[in-house]
Amino acid sequence: MFRVGQHKPLASILGKQIVLMIFTKRLREGVRNGDITCSVRIWISPRVRVGGRYRMDEGEIEIDSIEQIGFPDITPELARQSGFLGVLDLLKVAKHGRGQNIYVIRFHYVPPRLGRVTRRSRKKGPPS
């Protein structure tokens, strides 16, 4: 997830903090192709804001909505929408730190702009 949806400060550039959304490796392709459009997080308070864009390995996630929910709202269907096999699978990844509040974060993937260098494209080297 945001490790679906953990955010991690990377640097401060011109007074603006860059935030990276970390998803477990097995979820990243689903996020990029649009199969995964939500994440359940257990936080003290929201770590993202509606309309905010957060970097991934490639591209960005733009937050569409944040909703606080209770444990009964974490259904098998919500777990599958988040890219997990079931509720227990989701809960193993959703908790971050001491948080007790449960949030459903809905988002969409924004691909990298043409000409923008990403970590992955730098590793590949020039096209042959």
Side-chain angles (χ1 to χ4, degrees):
M1 280 188 15
F2 306 117
R3 180 177 119 167
V4 198
Q6 168 179 359
H7 70 281
K8 184 175 183 178
L10 291 180
S12 183
I13 298 175
L14 300 174
K16 187 175 183 180
Q17 188 176 44
I18 296 175
V19 177
L20 176 71
M21 296 304 291
I22 299 176
F23 290 83
T24 60
K25 286 184 180 184
R26 68 184 172 115
L27 299 178
R28 292 176 191 164
E29 185 60 32
V31 170
R32 283 191 294 266
N33 70 26
D35 290 340
I36 298 173
T37 58
C38 69
S39 177
V40 174
R41 292 304 175 111
I42 303 173
W43 288 329
I44 292 173
S45 62
R47 302 287 186 243
V48 295
R49 63 177 176 78
V50 173
R53 283 194 177 189
Y54 302 91
R55 290 182 53 188
M56 281 186 46
D57 292 340
E58 284 185 0
E60 300 172 314
I61 296 300
E62 184 170 335
I63 306 303
D64 299 319
S65 67
I66 303 168
E67 177 185 1
Q68 189 168 355
I69 63 171
F71 272 108
D73 299 314
I74 304 175
T75 63
E77 177 61 26
L78 180 59
R80 284 189 295 277
Q81 289 174 7
S82 300
F84 292 94
L85 298 173
V87 173
L88 290 178
D89 189 29
L90 179 149
L91 290 174
K92 289 177 188 175
V93 177
K95 184 148 173 94
H96 298 279
R98 300 183 328 253
Q100 304 254 338
N101 298 313
I102 306 166
Y103 300 94
V104 175
I105 316 299
R106 298 205 183 272
F107 56 84
H108 63 275
Y109 177 70
V110 179
R113 292 176 281 194
L114 293 176
R116 188 175 190 178
V117 177
T118 63
R119 283 190 280 161
R120 180 170 284 174
S121 63
R122 280 185 284 196
K123 288 179 185 177
K124 290 182 182 176
S128 26

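In what follows, residues are counted from 1 in the order of the sequence shown.
- We find the OH-CD distance between Tyr109 and Glu62 to be 13.0 Å, quoted to the nearest 0.5 Å.
- Annotation: side chain of Ile61 is not in contact with side chain of Ile105 (no heavy-atom distance under 4.5 Å).
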Would you sort out whether Gln68 and Trp43 count as a side chain to side chain contact (heavy atoms under 4.5 Å, CB included), showing the intermediate values?
CA-CA 10 Å; Gln68 189 168 355; Trp43 288 329; over 6 Å; no
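- Between Cys38 and Val104 the shortest heavy-atom distance is CB-CG1, 4.3 Å.
- At least one donor-acceptor pair under 3.5 Å links the side chain of Arg47 to the backbone N or O of Ser45.
- Shown are Ile69, Asp73, Val87; of these, the side chain to side chain contact (heavy atoms under 4.5 Å, CB included) with Leu78 is made only by Ile69.
- The distance from the OG1 atom of Thr37 to the CZ atom of Phe107 is 6.5 Å, given to the nearest 0.5 Å.
- Atom CZ of residue Phe84 and atom CD1 of residue Ile36 lie 7.5 Å apart, to the nearest 0.5 angstrom.
- To the nearest 0.5 Å, atoms CD (Glu29) and CZ (Arg32) are separated by 5.0 Å.
- The cluster map of Ile, Leu, Val, Met, Phe, Trp and Tyr, joined by side-chain heavy atoms under 4.5 Å apart, puts Val110 and Tyr54 in different clusters.
- Annotation: the span from Glu67 atom CD to Arg106 atom CZ amounts to 7.0 Å, rounded to 0.5 Å.
- Rounded to the nearest 0.5 Å, atoms CD1 (Ile74) and CD1 (Ile42) are 5.5 Å apart.
- Residues Ile63 and Arg49 fail the side-chain proximity criterion, which asks for heavy atoms closer than 4.5 Å.
- Checked by atom type and distance alone, the side chain of Asp89 pairs as donor or acceptor with a backbone atom of Leu85 at under 3.5 Å.
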